[in-house]
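As structure tokens, the structure follows; a few thoughts come after it.
Atoms considered below: every heavy atom in the structure, side chains included; atoms not considered: hydrogens, waters and symmetry mates.
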Amino acid sequence: MIVFSILFLCLLLFFPEVAMAGSKYGASLWLSQLLPTLLPFFIAIRLFDTCLPRIASRRVFLLTGLLCGYPAGAALVMNQYEKGLLSVRQTYFFLGFVNNPSPMFVLVFCGSQILKLKQEEAFLLFLILTLSSLMGSFLFSLLFRGRQTMAKPAFSAPLSPVPADSKPEVSTLSVQLDNIILDSFLVLIKIGGYVISFSILGQFIQKLLPSGSVSAILLSGSLEITSGISFLQTAPLSDMIKKVLTMIILTFGGISAAAQTGSILSKSELSLFPYLLCKGLNSLFAGLLSLFLFRMF
């Protein structure tokens with residue numbers, strides 16, 4: 001951590017233009033994409049948990065994470081884990097399965113804008129992403145040897161009594177909504193810090209390596225998926241290689257998305273390392289499935 005801190009500080013001091021460009025890109029991504037997308041979703045999760053706990057506590061509810069993008073899926077899974085509804089093994093399985101890029105990002109940005117695919121081919125990207133995440137997470141859950149007990153439900157203190165002449169329903173709902181919005185903003189602020197930091201590193205990689213090389217694409221994509229996949233638009237590579245690289249990058253998710261997920265896991269005793277191993281397996285399955293399915297279709 002000390003070495004990384006020194007290197008990051010040197011990057012800011014000796015390459016200020018690169019750092020500024022990466023910081024602006026990360027801040028723009030957070031403000032224009034993550035904040036308006038994730039804030040309503042985080043609020044909705046907490047409202048569901050408060051008002052419709054039976055629905056929010058069902059396993060099938062976790063599948064909605066497939067529709068929402070990083071790290072909303074992780075927030076759904078951790079909500080159930082903290083209530084003691086999932087074991088450690090089940091938690092890592094669902095983290096690897098449902099915590100993925102959103103369908104809109106896969107279909108529109110990756111499929112249409114970058115790869116110039118037809119609609120059915122773009123849907124094949126999302127199908128491969130979902131199948132490889134399911135297969136890799138299932139294999140990881142079989143191999144995982146960690147603690148299998150359920151988490152102890154978090155203790156919640158009872159609300160203080162409300163005076164008889166007040167309106168308890170309105171007062172309680174207002175207090176709960178205030179806390180939900182504040183907690184959601186705190187999580188998003190941490191996520192924004194991760195996005196900006198890794199965007200700076202990604203910008204530095206763009207300056208160091210040829211933008212069209214496989215090494216630059218994979219290295220940049222392993223940090224932040226948007227930057228890595230953006231390189232593919234002008235890269236001198238075959239369409240098949242571009243599709244395979246896209247799926248490998250998408251399914252792994254990048255260290256930036258992993259750090260965002262880590263911010264969700266930080267309130268628990270769970271480690272981020274098994275999640276990264278699970279994502280690595282997902283990425284391997286994605287590369288193999290891409291080679292097979294895109295040759296068929």
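Looking at heavy atoms from C-beta onward, Phe42 lies out of side-chain contact with Cys68 at the 4.5 angstrom threshold. Side-chain contact between Leu124 and Leu127: present, with at least one pair of heavy atoms (C-beta onward) separated by less than 4.5 Å. Ile181 has its side chain within reach of Ile43: a pair of non-hydrogen atoms, C-beta onward, lies under 4.5 Å apart. Here the side chains of Phe97 and Val77 are not in contact, with every heavy-atom distance at 4.5 Å or above.
A chain of hydrophobic side-chain contacts below 4.5 Å, direct or via other Ile, Leu, Val, Met, Phe, Trp or Tyr residues, connects Leu125 to Phe292. Hydrophobic clustering places Leu63 together with Leu131 (ILVMFWY residues linked when any side-chain heavy atoms are closer than 4.5 Å, directly or through intermediates). Under the 4.5 Å side-chain heavy-atom criterion for Ile, Leu, Val, Met, Phe, Trp and Tyr, Leu31 and Met20 are members of distinct hydrophobic clusters.
Side-chain N or O atoms of Ser28 include none that pairs as donor or acceptor with a backbone N or O of Lys24 at under 3.5 Å. Formation of a donor-acceptor pair under 3.5 Å by the Asn282 side chain with backbone atoms of Ser137 is found in this model. Within the 3.5 Å criterion, the main-chain N or O of Gln113 finds a donor-acceptor partner in the side chain of Lys116. Under a 3.5 Å cut-off, the side chain of Ser283 and the backbone N or O of Lys279 do not form any donor-acceptor pair. The backbone N or O of Ala56 sits less than 3.5 Å from a side-chain atom of Gln80, completing a donor-acceptor pair.
By the 6.0 Å contact criterion, CD on Glu120 is enclosed, its count of non-hydrogen atoms from other residues, nucleotides or ligands being greater than 12. With a 6.0 Å radius and a threshold of 12 heavy atoms from other residues, nucleotides or ligands, Phe138 has its CZ atom at or below the threshold. Within 6.0 Å of CZ in Phe109 there are more than 12 heavy atoms belonging to other residues, nucleotides or ligands.
For residues 285-294, no residue pair satisfies the side chain to side chain donor-acceptor pair (under 3.5 Å) rule, not counting sequence neighbours.
A side-chain donor from one of Gln260 and Ser256 sits under 3.5 Å from a side-chain acceptor of the other.
Judged as a side-chain contact (heavy atoms from CB on, under 4.5 Å), and not counting sequence neighbours, Ile189 has no contacts.
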